[in-house]
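Whatever order the structure lists ligands and atoms in, that order sets their numbers, starting from 1. All of these numbers come straight from a predicted model, not from anything done at the bench.
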Amino acid sequence: MKSKILVTGGAGYIGSHTVVELQNNGYEVIIVDNLSNSSINVLDGITSITGIKPAFEKVDCCDKKALENVFEKYHGIKAIIHFAASKAVGESVEKPLLYYKNNLISLLNILELMGEQDAPNLVFSSSCTVYGQPDTLPVTEDAEVKPAASPYGNTKQIAEEIIRDTIHANNSLKCIALRYFNPVGAHPSAAIGELPNGIPNNLIPFVTQTAIGIRERLRVFGNDYNTPDGSAIRDYIYVVDLAKAHVISVERLLNNKNKKGLEIFNLGTGTGLSVLEILKEFETATGVEVKKEIVGRREGDIEKVWADPALANKELGWKAETSTREMLKTAWAWEKSLATKK
Ligand code: UD1
């Protein structure tokens, strides 16, 4: 058995896929999650895939004492992957304090405990949202960080700054911040996937719910962008490919291979697809038609963004490998498996 890894938010969408990859690579995983946006049943899904039930503690990362108890109970945690955070852009505009409190206090607690508990390695979930609308595409890690379009986006920018300052002051701490583009799809087993709470905000869960008949039609937010078909462009990356990058990052930290205290990597495919292109690809991949209507732009959306993943390709030796069609097939298989569970 390799090192013990603490995964905050490990019952969530990206977290659960990462736990699977960590366990498949021999790591002992301890999940902490307050289950505010996830279900305890995810643990069964993880166990059915890996044959190992991960240790689980229902803990809110804003509760430092409770987190401290986890470090003491599972003595010898060497690295933390910090996913636990609120992530709905629209909600963050309505409830900014909730977002600043939840996303930043949890990070402060983690950073303090890294020093206090001799767990000096952190992989942090960041987002391409820190770039806003980049001036040049594909966007590289050294692109300017623009004023955030939402409190959610701002928490990611501030979090990166807090980590940078903390590591500057204590150079025994190390961090890899991963800037995700748009993660989609589900594990090929369909045992875990994205579980939106209520009406999905994100595109793919809305598409699969429309395809299966839960939603009447997809609203395409805007067809007057400066893009070839007028709809907005994103870089959709398969969640399992993304999860694998976390295992590589943990290994890099544990083996002292990271070159600076804080390293930042884009995790994307390098290719942008428009909303209408993704829809068409989904219909081709699944043979299911998705009803849609074009509506106005969604507030806070940017026009187009896709990654330059060259740095992650070179330094991490990682590459997004799964085609859009394949990832959409897994998203559809997951939606169908949810329907049979009801
Ligand atoms: C947003 C955040 C991202 C965050 C992610 C997590 C920004 C700029 N991006 O991604 O950082 O990690 O949420 O929740 O803050 N769309 C429709 N109809 C729908 C839903 C979406 O047309 O019903 C369109 C959107 O307008 C967008 C694309 O689909 O062009 C992708 O949207 P979504 O899945 O919500 O992700 P982002 O907004 O890119």
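- The option from R219, R217, K87, K292 that lies nearest to atom 18 (N) of ligand 1, judged by heavy atoms, is R219.
- Only the side chain of V275 comes within contact range of ligand 1, with a heavy atom under 4.0 Å; no backbone atom does.
- The closest heavy-atom contact to atom 12 (O) of ligand 1, among the options Y236, Y152, F181, F206, comes from Y152.
- For the pair F221 and ligand 1, the shortest N or O to N or O distance falls below 3.5 Å.
- Only the backbone of N201 comes within 4.0 Å of ligand 1, counting heavy atoms alone; no side-chain atom from C-beta on gets that close.
- Ranking protein heavy atoms by distance to atom 2 (C) of ligand 1, first place goes to V89 CG2, 3.8 Å.
- Here the heavy atom of the protein found nearest to atom 38 (O) of ligand 1 is R298 NH2, 2.9 Å.
- An N or O contact shorter than 3.5 Å links L203 to ligand 1 by distance.
- With a 6.0 Å radius and a threshold of 12 heavy atoms from other residues, nucleotides or ligands, E299 has its CD atom at or below the threshold.
- Atoms of ligand 1 found under 4.0 Å from any heavy atom of D301 (numbered from 1 in listed order, with element): 25 (C), 26 (O), 38 (O).
- Near V220, meaning under 4.0 Å from any of its heavy atoms, are these atoms of ligand 1: 22 (O).
- Remark: ligand 1 atoms within the under-4.0 Å shell around heavy atoms of A232 are 30 (O).
- Protein heavy atom closest to atom 27 (C) of ligand 1, with residue, atom name and distance, is R234 NH2, 3.8 Å.
- Looking at atom 5 (C) of ligand 1, its nearest protein heavy atom turns out to be N202 ND2, 4.0 Å.
- Annotation: S127 places an N or O atom under 3.5 Å from an N or O atom of ligand 1; distance criterion only.
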Check residues 247-256 and write down every donor-acceptor pair under 3.5 Å in which the side-chain atom is one partner and the other belongs to a residue at least two apart or another chain.
| unit_1 | atom_1 | unit_2 | atom_2 | d |
| --- | --- | --- | --- | --- |
| S249 | OG | A245 | O | 2.8 |
| E251 | OE2 | K2 | NZ | 3.3 |
| E251 | OE2 | Y27 | OH | 3.1 |
| R252 | NE | E263 | OE1 | 2.8 |
| R252 | NH1 | E315 | O | 2.9 |
| R252 | NH2 | E263 | OE1 | 3.4 |
| R252 | NH2 | E263 | OE2 | 2.8 |
| R252 | NH2 | E315 | OE1 | 3.0 |
| N255 | ND2 | E251 | O | 3.2 |

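- Taking each of T129, N182, I278, L279 in turn, the one with a heavy atom nearest to atom 8 (C) of ligand 1 proves to be T129.
- Between E283 and K292 there is no salt bridge, since none of the side-chain N atoms of the basic residue sits less than 4.0 Å from a carboxylate O of the acidic one.
- The two residues K4 and H75 make their nearest non-hydrogen contact at NZ-O, 2.6 Å.
- Smallest separation of non-hydrogen atoms from A186 and G193: CB-CA, 3.8 Å.
- For the residue pair D308 / T140, no side-chain donor-acceptor distance below 3.5 Å is found, with atom types taken as modelled.
- Residue pairs satisfying the ring pair (Phe, Tyr, Trp, His ring centres under 6.0 Å) criterion with at least one member in residues 232-289, sequence neighbours excluded, are listed as follows: F83-H246, Y180-H246, F282-W332.
- Side-chain atoms of T8 come within 3.5 Å of backbone N or O of A84 as a donor-acceptor pair.
- Summarising the local packing, CZ of R219 is surrounded by 12 or fewer heavy atoms from other residues, nucleotides or ligands at distances under 6.0 Å.
- For the 3.5 Å distance criterion, the side chains of N202 and Y13 fail to qualify, holding no donor opposite an acceptor.
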